[in-house]
Amino acid sequence: MASNAKIRVTVTLQPSGKSSVLIVQTLDDLLRQCSSKLRVKARRIFLASTGEELLTDLSKVSNDMKLIVTCGDTYTVTNPPSTTQTNSIIDSSKVSVQVIANRTLVEQEAIDQLKNVARIYPHVKHIWGMPDLHVGQATPIGCVVATEPSVVYPELIGSDIGCGMSFVRTSLRLVYEDDDRKLSKWTKQLQGLDDYLPKERIDEFLQSDLQWPTTVNKVNIDHSENEQLGTIGAGNHFVELQRIEELYDDKEEDLSKDYLYLLVHSGSRSLGERILREFCKGKGELRGLEKGTDDYDIYMSKHDEACAWAKRNRALIAQRFLTCLGQMTTSAQCLVDIWHNNVVLKDLSSDNSQVHLHRKGAAPSDTGRVVIPGSRGTHSYLVEPIDQNQESSGYSLAHGAGRAMSRSKAHQRFSGKYPDSDRLRITETLDSHVVCDDKQLLYEEHPEAYKTIDAVIDDLVEAKLIRVIAKMRPLITYKTRLTHKE
DNA sequence: ATGTGC
């Protein structure tokens with residue numbers, strides 16, 4: 001076979017299950033790309049179907065083949081995981097794996113990834129999948145993993161430590177229900193939000209007293225690790241101006257249809273990523289950190305700091321957004337701030353034992369109200385957990401609509417279906433404004449690339465996990481003014 | 001989600 005032919009393959013790292021699609025030309029090229037994409041020293045490659053090892057070249061590999069990569073271990077073909085159904089306990093033998101989804105479609109691949117977590121991580125006691133469960137790199141997004149309290153797995157929290165959602169009541173008003181002239185003007189005023197702030201402002205903000213909505217720890221780290229504070233980032237992060245479309249509970253005294261609300265979704269930017277890398281790089285993907293070791297103490301302290309940093313990041317993003325619109329930032333009040341990606345020590349209600357609850361894309365149901373965002377141009381929901389002590393759902397809820405397809409698939413499909421990207425700046429469904437000058441993101445984050453938020457909410461209501469307080473309508477979704485990656 | 005390499 002000609003050595004310059006390009007072949008597209010799917011590689012899966014064993015035992016972690018992390019996978020990636022690569023375009024490769026030679027075996028050396030393949031090993032190199034595996035190392036960089038999977039973040040391990042890739043040493044051996046096998047054909048997934050037969051277990052045969054690739055020793056000299058890619059002559060046995062053709063387009064779209066599945067390959068297994070290991071760091072040195074031999075790979076032997078095993079039976080695939082048994083088929084499963086959602087809304088039931090999948091494997092009660094050792095680890096209970098439960099997926100809460102009825103109306104929402106959860107891909108088999110995501111469920112297989114969840115079962116893989118149960119199989120390969122020691123000391124796991126319970127796993128829950130939320131209705132927005134979808135495929136991740138190795139661990140699916142939209143799940144909660146409870147382990148023995150003696151161990152923490154950084155990989156089960158991921159790189160965006162502290163990522164979450166702030167819901168802020170502003171003093172902005174819209175006099176007419178659809179004052180589009182005002183919204184167009186505000187959209188134009190949203191400038192400079194992607195710029196990094198001066199060191200002095202960042203340092204001062206990290207050391208300020210902040211109630212958001214409760215006291216947030218001060219953060220004391222070197223500015224070289226802080227420069228992104230106050231910026232939204234990319235991917236599914238955004239700031240959205242909303243109004244209340246339906247208020248189902250008039251007893252909520254801090255909610256008023258007269259004012260507009262800000263929803264901020266962002267995390268710890270590259271800070272969290274550096275922390276994950278520090279604890280996983282070259283040490284295997286599954287490494288647990290054991291209580292009593294220095295690594296555990298250092299990771300937990302950095303994790304907590306990243307969580308505080310992410311909260312302050314959301315606060316500063318909201319401030320900057322309101323400043324663009326000429327608002328006094330002191331007039332805003334944060335009603336909800338939750339983490340989607342973090343680990344907490346939790347007392348289980350069933351047997352008084354403790355677990356480390358790792359949330360990877362899941363909202364807490366044990367700290368009060370949460371906002372569950374839809375996809376771009378769809379409603380978000382302010383909800384209240386019915387029982388703050390609900391072990392059967394892992395003390396958690398869905399954190400959003402959940403992707404229905406990969407980013408690459410979405411880009412390919414929607415750039416073909418909607419070639420005029422400018423038209424995506426006003427959403428088809430609710431006529432909301434979208435600020436996103438990154439064309440790739442416009443397609444990757446297209447609403448049709450996500451599951452239906454109403455199905456996710458229905459699943460949680462039917463499972464008696466939440467009651468809906470308010471339905472929020474998007475007015476302006478701000479993603480980025482940066483144009484790179486086009 | 002992110003920084004980095006091709």
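All of these numbers come straight from a predicted model, not from anything done at the bench. Computation of the quantities below employed the complete heavy-atom set of this structure, encompassing side-chain atoms and omitting hydrogens, waters and symmetry-equivalent molecules. Letters A, B, ... are given to chains in the order of the sequence lines, protein chains preceding strands, and every chain is numbered from 1.
Rounding to whole angstrom units, CD of residue A:Gln25 and P of B:dC6 are separated by 13 Å. Rounded to an integer number of Å, the gap from CG of A:Leu22 to C1' of B:dT4 is 15 Å. Going from atom CD of A:Glu273 over to atom C1' of B:dT4 covers 10 Å, rounded to whole Å. One atom, CZ of A:Arg274, and another, P of B:dT2, lie 12 Å apart when rounded to the nearest Å. Separating the CZ atom of A:Arg269 from the P atom of B:dT2 is a distance of 5 Å, rounded to the nearest angstrom. Computed from coordinates, the A:Leu31 CG to B:dG5 P distance equals 19 Å when rounded to whole Å. We find that CG of A:Leu482 is positioned 14 Å from C1' of B:dT2, with the value rounded to whole Å. In this structure, A:Leu276 atom CG and B:dT4 atom C1' are separated by 16 Å, rounded to whole Å.
A:Asp337 and A:Ser166 are linked by a side-chain donor-acceptor pair at a separation below 3.5 angstrom, with hydrogens and angles left out of the test. When only modelled atom types and interatomic distance are considered, A:Ser396 and A:Ser365 share no side-chain donor-acceptor pair under 3.5 Å.
Looking at heavy-atom distances under 4.0 Å, A:Gln228 makes contact with sugar-phosphate atoms alone, never a base. A:Ser270 comes within contact range of the sugar-phosphate backbone alone, with a heavy-atom separation under 4.0 Å but no base atom that close. Using a 4.0 Å heavy-atom distance criterion, A:Arg407 is classed as a sugar-phosphate-only contact.
Here the two rings, on A:Tyr261 and A:Phe167, have centers that are under 6.0 Å apart.
Screening A:Ile100, A:Leu114, A:Thr104 for a side-chain contact (heavy atoms from CB on, under 4.5 Å) involving A:Leu133 leaves a single residue, A:Leu114.
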